[in-house]
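Inspection log for the structure reproduced underneath, given as structure tokens.
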Amino acid sequence: MSPLMIVLVLGLGIGAGVLSGLLGIGGGMVLIPAFVYWFGMSQQKAQGTSLAVLLLPIGLLAVRRYYQSGQVDLRIAALVALGFFGGAWLGAVFANQINETLLRRGFAVFLLAVAIQMLLEK
């Protein structure tokens with residue numbers, strides 16, 4: 001990997017980290033589109049790489065700060081993480097069998113639906 005590529009990838013990580021700590025987003029909303037459009041990855045490879053980022057305790061410092069402010073429900077987080085463990089595997093099985101264009105469009109529709117819901121909500 002070239003020095004420029006290392007700087008770009010680290011910059012993406014910093015940007016995604018700031019947005020994750022600030023808005024609670026990162027993998028799906030920032031990393032996947034960047035991997036697809038900036039780094040030329042397939043939708044499946046972008047999703048797999050984004051999940052690989054989550055394997056390490058990436059959000060540990062941000063979670064610690066939110067927890068210190070009383071803004072983390074550990075019971076709900078633990079149960080969601082348990083469900084996520086099996087659900088992510090099942091989703092990966094399906095994602096690797098779906099046409100890349102269809103998967104990318106489904107991802108875009110999901111992001112659009114979430115954005116519209118948040119814009120219309122009072």
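Along the sequence shown, residues are numbered consecutively beginning with 1.
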For the residue pair Tyr66 and Leu22, what are the closest heavy atoms and their distance?
OH-O, 3.9 Å
Min side-chain heavy-atom separation Phe35-Gln47 under 4.5 Å:
no
May I have all residue pairs that pass side chain to side chain donor-acceptor pair (under 3.5 Å) and include part of residues 69-79, sequence neighbours excluded?
none
Crowding at CG, Leu54 (>12 non-hydrogen neighbours, <6.0 Å):
yes
Joint cluster assignment, Leu19 & Phe107, ILVMFWY side-chain distance < 4.5 Å:
yes
Quick check: is Tyr37 connected to Val109 through a chain of hydrophobic side chains (ILVMFWY, heavy atoms under 4.5 Å apart)?
no
Single-linkage hydrophobic cluster, 4.5 Å side-chain cutoff, Val30 and Leu10 together:
yes
Least distance between heavy atoms, Gly28 atom then Ser50 atom
N-OG, 4.4 Å
Contact list for residues 77-103, test side chain to side chain donor-acceptor pair (under 3.5 Å), sequence neighbours left out:
Glu100-Arg104
Check whether any side-chain heavy atom of Trp38 lies under 4.5 Å from a side-chain heavy atom of Leu12, and answer yes or no.
yes
State whether the number of non-hydrogen atoms from other residues, nucleotides or ligands found under 6.0 Å of Ile76 atom CD1 is greater than 12.
no
Looking at every non-hydrogen atom in both residues, tell me the closest pair between Gln44 and Ile98 and how far apart they are.
NE2-O, 2.9 Å
Assess whether side chain to side chain contact (heavy atoms under 4.5 Å, CB included) is satisfied between Ile32 and Gln43, documenting all intermediate values.
CA-CA 8 Å; Ile32 292 173; Gln43 185 70 24; 3.5 Å; yes
Are Val36 and Leu112 co-members of a hydrophobic cluster defined by side-chain heavy atoms under 4.5 Å apart?
no
Leu119 reachable from Leu23 in the ILVMFWY side-chain graph, under 4.5 Å edges
no
Minimum side-chain heavy-atom gap Phe94-Leu90 below 4.5 Å:
yes
Atom pair OG (Ser20) and CG (Leu31), whose distance is rounded to the nearest 0.5 Å
9.0 Å
